[in-house]
Number of protein chains: 4
Amino acid sequence: MALTTEQRVHRAAVKLFAAKGFHGTGIRDLAQAAGISSASLYHYMGTKEDLLVGIMRECLDRLLLAARQTLDTMDEPADPADALSALVTLHVMAHAAQPDETRVVDNEVSALSRPARRWIVGLRDEYEDIWATTIAKGVAAGVFDAPEPAVTRLALLEMCTGVARWYSPRGPLPLDRLAARYAQLALRMLGSPSPPGGKAAERAREVAAQVWRIRP
Amino acid sequence: MALTTEQRVHRAAVKLFAAKGFHGTGIRDLAQAAGISSASLYHYMGTKEDLLVGIMRECLDRLLLAARQTLDTMDEPADPADALSALVTLHVMAHAAQPDETRVVDNEVSALSRPARRWIVGLRDEYEDIWATTIAKGVAAGVFDAPEPAVTRLALLEMCTGVARWYSPRGPLPLDRLAARYAQLALRMLGSPSPPGGKAAERAREVAAQVWRIRP
Amino acid sequence: MALTTEQRVHRAAVKLFAAKGFHGTGIRDLAQAAGISSASLYHYMGTKEDLLVGIMRECLDRLLLAARQTLDTMDEPADPADALSALVTLHVMAHAAQPDETRVVDNEVSALSRPARRWIVGLRDEYEDIWATTIAKGVAAGVFDAPEPAVTRLALLEMCTGVARWYSPRGPLPLDRLAARYAQLALRMLGSPSPPGGKAAERAREVAAQVWRIRP
Amino acid sequence: MALTTEQRVHRAAVKLFAAKGFHGTGIRDLAQAAGISSASLYHYMGTKEDLLVGIMRECLDRLLLAARQTLDTMDEPADPADALSALVTLHVMAHAAQPDETRVVDNEVSALSRPARRWIVGLRDEYEDIWATTIAKGVAAGVFDAPEPAVTRLALLEMCTGVARWYSPRGPLPLDRLAARYAQLALRMLGSPSPPGGKAAERAREVAAQVWRIRP
DNA sequence: CATGAATGAGGATTCATTCAT
DNA sequence: TATGAATGAATCCTCATTCAT
């Protein structure tokens, strides 16, 4: 199926904002990459910033959706180690499958205007809250050893987010094995080395496959 | 001690490049932040890019210097866990003490011209090689459990680098305790949960205090 | 009676050109005000300038028509004071009834291309000639005291034209009384304070009512 | 004495805004008329609108200053006819001496942003209040016959302002005689045909000569 | 050492207009 | 009849940089 022009614009923006940054990308770069004139660009977008906000919002929306879909389908009370495995799996798969989108989200927040920034940061905080809650449950249950839960959460998130900065689908490690490896690392960090027996990670892979259209 | 104008320019650039990005920072922003006119700026720098390269080079140089100074003073053959603790300690302290500098290094590589980029990426690779070697030694010695050493290295580095994105000296955790916590996380990730008995981490703190002028 | 789309376009243009000027009005403003797309606009007009020329031509045509109709139905030789009263009445009523149209005529001549400008200015000169002739007759007849007839004519015209800049139908003075007041002012300026006994002003009101559809 | 670049920019703007309107004047037109590049323009001005506001403010400031200086030096209680003669004289001389400036003030108010417009309109209202007060005094003293003082004021102002639209220093009538003629017209409009015996008009000519640098 | 003046190139965005549908 | 799509040219303004003073 051929792409609509609007989609081509969106993709060009994702690629260029990720590669050269928002301020480093000119309107002409975008137009050229989308295969239209710079004036035509404005039929498919509002401001350059609107484009950025749209990219960020969609990316964060998907991440939130995926996290909630995954956790909501778990038996309650869920095994914290299982839940965290799922979160890590999702996060890693998202960042490996959409490295450009997620890098834009991570790097270009400072390019947003005040109101847009508030909105986007709000979404991001919502997402991080899910992690915080999951970690807190594990600590409360005595499953996780995290003397400074906030620090641990940030360490985990940065580790997983970093995948977007180096992962290549042409690398030796298939994506699901990478995600599994990261889940293992995460549980080790939390002092919970036992392999998660639950099915959350598997469910996470399914959700990821659907949300980010990863593999058939 | 009063600052040189050149130093004021350097610091202004670090702060602004970190906050708004290289392309998002104008020459006039720099001049204003440095307290001089934009024409005078050119007495203390070459191009805007030279300024960026200078910041990156100095930051990486210090990191390399610190890593080498620390590892070189260890007894040979060093304990890999001990060595890795030292690397993590240094890296975390560097990124917490100089978050602006390190964020510039991490985020603005794409703003460099080809030759400058090669140079900077070369320095960065040199530094990462130290980590790779250390991890490899640990694996070879059977101390580390890292089925995919490269993946583990990247996970470790991203986790530690991320400190620059959130650490605040006004937070509850003192810097050395933060570094120790990260060292613990790192060793856990490597399946080497035993606390490092060696003195490398302590030595790392000394080096860090000297290189980045941390605490009296 | 519903308006033609063409009429809606015309009216939108009049309103906007008067309010924001020709150059200050975009083709999209026009389209929005007319309730159609900017592409559809071009089914009802030629260029943007054609629209402007059309507005100006119609406005001046009516003014000329009204002045001629009024003066032509006067007994010859007409009383100059009576004739001037009629001209002032017409001019004031026209500018009060169609302030937007007349302001466009007065303010946007400089926006016209050379050939269009020549045409429009020709029409305007034709109209002003009627005033000049009327004043000259009064001076020749010894009824008007106007040492500098040209200056007086311009003073009169500017005074009357100015009505378009401030008159509001919601003001305290009904339109015909306003016109009568201006006729009085005009005759005073010409040193002919005696109230015009003739019927020209009344005839002027009739013509105005017909040409600009003023009150039943 | 040679003109500074800033003055050249100011004058170019006055001339072009008057001739083609604010929106009809491009930044390149301004630059070319000032003899510099369009980028250099921005060393001597803020926004294009700032330039417009500056022109308007200065013009209105001078008019207000002149009116106050003139009226303040009259004996109290001043003769209303005398005072009005002075106002007319000033207004006419101002509009004849600075036709471009005053036309910009009169025609381009709609090009101002909201806050600027408020300010400028405020100045204009201040000025018109002086006329209103003077007329009211004359009416109260029984010297003026103005059944609708507001209408009369507007008629007077429009008449005098119109001078800027046609006066040429190369015309047959010297400026001071033109002003005297207009004063006569004004008093006739007010039903006060007797020549003003006072010295206000003379004083007005002196003030005008100083404020607008008219004749030695 | 310091800077006001200067600019060509480029920034994002809007312009009036055309045309295939 | 009506309009989405398209665009070259132009909009105002800022960019990094140079240079005479």
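We name chains A, B, ... by the order of the sequence lines, and we start the count at 1 in each one.
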(request) Calculate, to the nearest 0.5 Å, the distance between atoms NE2 and OG1 belonging to C:His10 and C:Thr4 respectively. (result) 12.0 Å

(message) Please compare A:Ile36 and C:Leu41 by the position of their nearest nucleotide in DNA chain F and report the one closer to 5'.
(response) C:Leu41

(request) List for me each residue that meets side chain to side chain donor-acceptor pair (under 3.5 Å) alongside B:Asp29, sequence neighbours excluded, and say none if there are none. (result) B:Lys20

(request) Provide the full list of side-chain hydrogen bond (donor to acceptor under 3.5 Å, both in side chains) pairs with a residue in residues 107-118 of chain A, sequence neighbours left out, each pair given once. (result) A:Glu49-A:Ser113

(request) For D:Gly35 and for B:Ser37, locate the closest nucleotide of DNA chain E by heavy-atom distance; then report the residue assigned to the nucleotide nearer the 5' terminus. (result) B:Ser37

(request) Starting from Watson-Crick (N1-N3 plus N6-O4 or O6-N4) and G-U wobble pairs under 3.5 Å, report the runs of at least three that DNA chain E belongs to. (result) E:2-21 with F:2-21

(request) Inspect the surroundings of CZ in B:Arg11 and state if more than 12 heavy atoms from other residues, nucleotides or ligands are less than 6.0 Å away. (result) no

(message) Using the side chain to side chain donor-acceptor pair (under 3.5 Å) criterion, which residues pair with D:Glu58? Sequence neighbours excluded.
(response) D:Arg62

(request) Any chance you could list the contact pattern along nucleotides 13-21 of chain E? Use B for base contacts, S for sugar-phosphate-only contacts and - for none, protein heavy atoms under 4.0 Å, 5' to 3'. (result) BB-BBBB--

(request) I would like to know whether C:Tyr42 and C:Ile27 meet side-chain contact (heavy atoms from CB on, under 4.5 Å); could you show each step before the answer? (result) CA-CA 10 Å; C:Tyr42 285 85; C:Ile27 225 74; 3.6 Å; yes

(request) Run the numbers on C:Gln98 and C:Val14 for side-chain contact (heavy atoms from CB on, under 4.5 Å), then give the verdict. (result) CA-CA 10 Å; C:Gln98 304 206 304; C:Val14 166; over 6 Å; no

(message) If the condition is side chain to side chain donor-acceptor pair (under 3.5 Å), which residues does D:Arg103 pass it with, not counting sequence neighbours?
(response) none

(message) In this structure, how many angstroms lie between the C1' atom of E:dG11 and the CD atom of A:Gln32, rounded?
(response) 16 Å

(request) Mind calculating the distance between CG (D:Leu51) and C1' (F:dC12) to the nearest angstrom? (result) 13 Å

(request) Could you tell me the separation between the CD atom of B:Glu6 and the P atom of E:dA2, rounded to a whole number of Å? (result) 12 Å

